[in-house]
There are 2 protein chains.
Amino acid sequence: MKLKDLAEQLGLSQTTVSRALNGYPEVNKATRERVAQAAQKFGYSANANARRLAIGRVGAIGILMPRDRSQRFGPHTSEFFSGLAERLSLDEMDLLMSPVVNNDELGAYRRLISSKRVDGIIVTGPTLMDERVAMLIEAKFPFVLHGRTNIQAPHAWLDIDNAGAFRQATSHLIDIGHRRIAMIDGHKGHTFSEHRETGYREALLERRIPVDPRFIAHEHFSDETGFHEAQRLLSYDPHPTAILAGSMMTALGVFRAIRSKGYELGKEVSVIAHDDVFPYLNASNMVPAMTTTRSSIRSAGSRIAELLVQIIDGEPVENIHEIWPVELILRQSSGPPVPPRR
Amino acid sequence: MKLKDLAEQLGLSQTTVSRALNGYPEVNKATRERVAQAAQKFGYSANANARRLAIGRVGAIGILMPRDRSQRFGPHTSEFFSGLAERLSLDEMDLLMSPVVNNDELGAYRRLISSKRVDGIIVTGPTLMDERVAMLIEAKFPFVLHGRTNIQAPHAWLDIDNAGAFRQATSHLIDIGHRRIAMIDGHKGHTFSEHRETGYREALLERRIPVDPRFIAHEHFSDETGFHEAQRLLSYDPHPTAILAGSMMTALGVFRAIRSKGYELGKEVSVIAHDDVFPYLNASNMVPAMTTTRSSIRSAGSRIAELLVQIIDGEPVENIHEIWPVELILRQSSGPPVPPRR
DNA sequence: GCATAAATTCAAAGCGCTTTGAATGAAACA
DNA sequence: TGTTTCATTCAAAGCGCTTTGAATTTATGC
């Protein structure tokens, strides 16, 4: 059933029916009701493509499948998506996930824009001089970046305070007596990873504790890499008395490594993990409960969707920058260093 | 830049340019080249909405945000999506995620169909008499179901052998001497959950071991529920000597509960988990390595995307039914029951 | 009771593409 | 050379909607 048919059924013009359905004021109330009922009855709903063509707006925002396979759809991505989806549903907006073909990421962004399949784009996991961001700015296409870059031209972004999180965690560990502190985080090049390392270094520097490069690891987030890196770290003599883990998955592996070496968690070796708040993996439920720097990636997604919709509606991009603070939540996996038993 | 502009630039008609771009044979080779070059140069790419309106095809498949919040975008969903996305990229198809508004799920499906935003739909997490499936069959809209229902009318589906997986795991446990075996799985009502329970019961029945209803738990998949349910199970006297966990997350909680009670995993209490193969959570890396029934949910997603594309291309739906076998992989978390050390 | 304003409704144009049916020019045939 | 055929190209119609500008009906003021 199309608009024409519906209009004929009702003995009205397409114009009136269209207006009735779209809530225009110049339609008689009785007529509007009648139209609504008929639409309901016949299960009519406008052909989205015709509608979009006519109004020049899509009602969807896009996101490209994250570039490297390892990052693609990790648990972080899915939590983030969940936040996006939740917010977008309020505006009845769709979320379009488009693949990167031929590994031509920039081209994929360009095509997504010029084919008018989406009203705006969300960019995640940026590097410091992210070329996708540069391109989108240049193209003047609405987008919001999750994370930050060093690119100066105005654009909208939302990021958490990664440097602050790791600075705070590191300082805390120093405060309670640790001197050999290691970190296992995500791959270098990504802004969040660089920022975290910066925070970590700043905290050490402030207390004049030298940075031991062996104590810094960059890997993707999984229990496996957490395990391997922690094993490596603990094999040094003296080994670190505290480990910062970039994600909950990493932390699971770190826990495992500490146990398998026979150390007591939270005593001989402390662990602080960054927690993106996964509904199915709760830091306070671990044994021992895990000390974390916490920030909900889902909430970030939700807010980003909101911002993008605002931008699409014409909000100027200049002032849309948010840095979210990260909470340090002390639990049992961290404590003053205790010399090894034995 | 639109087709008209591009055509004018080239001194050609829109017809010819369109045909050149879409690979029609009746275009001079030299012309085709020239057009391709110009398109590249001007960054032209057809307005997707106009194109779709004209050809009546969208180039996207849809999926609605899973219904209940708990299930929405768990780690399973994201792995599944990942598989879908991977396969769809081969066909340059988009994946459209549409929200369910006002909690009107069926209405959301109807609107998705009648608004012609997608060429086909993927349905997940069905119940035994899933109304969405019934509706889609009725509407004759292309779709593939991940899972199964008891609905008889022909429709395409792909499922793993959930009953077989749990039957096999249970039988194995019985074989090595267990008599009190518990299961913690997903919510009742979902087909996969019912099938698993069926498999479990069949295995017990076959050996004439009575089913203890206290030993069956249905909860959503998270480490927290795994922990709580396992705690409950282990508080019975006598307690189960083996626990089947419906997901890796659940298993993490179960591990924790067993340890916190002071039992030795794989001896006093065995655990077998169903593993959907998460790249960031590896069963063989746990300590002890976890015995699992394994089936990749990502591969399932990939295959389902493939099937849906075939259906959209006209493949009849009658014969598209796949049941994937599930492997039981023995590792250290299961073994013959050992009487508690005092 | 008539002119004017306000409330409704409508016909037709346009969104940017594909595709039908016709036109053109070149090559092949007789 | 005139006629066919084939290879290319084109003009125009149509996809289903929104929206402009005009037409009609109804309400209001004097």
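In what follows, chains carry the letters A, B, and so on, assigned in the order in which the sequence lines appear, proteins first and then strands, with residues in each chain numbered from 1. Worth saying up front: this structure is predicted, and the values here are computed from it rather than measured.
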Per [X] side chain, nearest of listed nucleotides [options]:
| X | options | value |
| --- | --- | --- |
| B:L3 | C:dT20, C:dA12, C:dC17 | C:dC17 |
| A:A46 | D:dC17, C:dT8, C:dC17 | D:dC17 |
| B:A54 | C:dC10, C:dT18, C:dC15 | C:dT18 |
| A:S13 | C:dA11, C:dC17, C:dT8 | C:dA11 |
| B:R19 | D:dT8, C:dG21, C:dT18 | C:dG21 |
| B:T16 | C:dT9, D:dT9, D:dG16 | D:dT9 |
| A:T15 | D:dT18, C:dT19, C:dC10 | C:dC10 |
| A:V27 | C:dC17, C:dT9, D:dC10 | C:dT9 |

**Study point:** Check against salt bridge (Lys or Arg N to Asp or Glu O under 4.0 Å), A:R57 and A:D313
**Key:** CA-CA 11 Å; A:R57 254 237 205 175; A:D313 286 342; 2.6 Å; yes
**Study point:** 5' precedence on DNA chain D between B:K116 and B:G11 (nearest-nucleotide basis)
**Key:**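 Between the two, 5'-proximity favours B:G11.
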Is the phosphate of [N], meaning OP1 or OP2, less than 4.0 Å from a side-chain N or O of [X]?
| X | N | answer |
| --- | --- | --- |
| A:S18 | D:dT18 | yes |
| A:T31 | C:dT9 | yes |
| A:Y24 | D:dT19 | yes |
| A:Y44 | D:dG16 | no |

Atom [atom1] of [X] to atom [atom2] of [N]: distance rounded to whole Å?
| X | N | atom1 | atom2 | result |
| --- | --- | --- | --- | --- |
| A:R32 | C:dT8 | CZ | P | 10 Å |
| A:E26 | D:dT26 | CD | C1' | 16 Å |
| B:K29 | D:dC6 | NZ | P | 22 Å |
| B:N28 | C:dG25 | CG | C1' | 13 Å |
| B:L12 | D:dT8 | CG | P | 13 Å |
| A:N49 | C:dT18 | CG | C1' | 14 Å |
| A:K4 | C:dA13 | NZ | C1' | 16 Å |
| A:Q14 | D:dT19 | CD | P | 14 Å |

Check your understanding: Between the side chains of A:R298 and A:S296, does any donor sit under 3.5 Å from an acceptor?
Key ->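 A:R298 vs A:S296: no donor-acceptor pair found between side chains.
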Exercise for review: Would you tell me whether A:D130 and A:T149 have side-chain atoms, one donor and one acceptor, within less than 3.5 Å of each other?
Suggested key: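 No, A:T149 and A:D130 have no side-chain donor paired with an acceptor closer than 3.5 Å.
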Check your understanding: Base, sugar-phosphate alone, or nothing: which one does B:N22 contact when heavy atoms must sit under 4.0 Å apart?
Key ->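 Sugar-phosphate contact only.
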**Study point:** Sugar-phosphate only, base, or nothing, as touched by B:I55 at under 4.0 Å among non-hydrogen atoms
**Key:**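 The residue B:I55 makes sugar-phosphate contact but no base contact.
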Practice item. From the options B:L136, B:T191, B:V133, B:I304, select the one residue that forms a side-chain contact (heavy atoms from CB on, under 4.5 Å) with B:L145. Key: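 The passing option is B:V133.
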Check your understanding: With respect to A:H155, which candidate in A:V123, A:V144, A:I137 satisfies the side-chain contact (heavy atoms from CB on, under 4.5 Å) definition?
Key ->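 Per the side-chain contact (heavy atoms from CB on, under 4.5 Å) rule, the option paired with A:H155 is A:I137, out of A:V123, A:V144, A:I137.
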Exercise for review: Could you label the plane-to-plane angle of the A:H76 and A:F278 rings as parallel, tilted or perpendicular, counting under 30° as parallel and over 60° as perpendicular?
Suggested key: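 The rings of A:H76 and A:F278 stand perpendicular, inter-plane angle above 60°.
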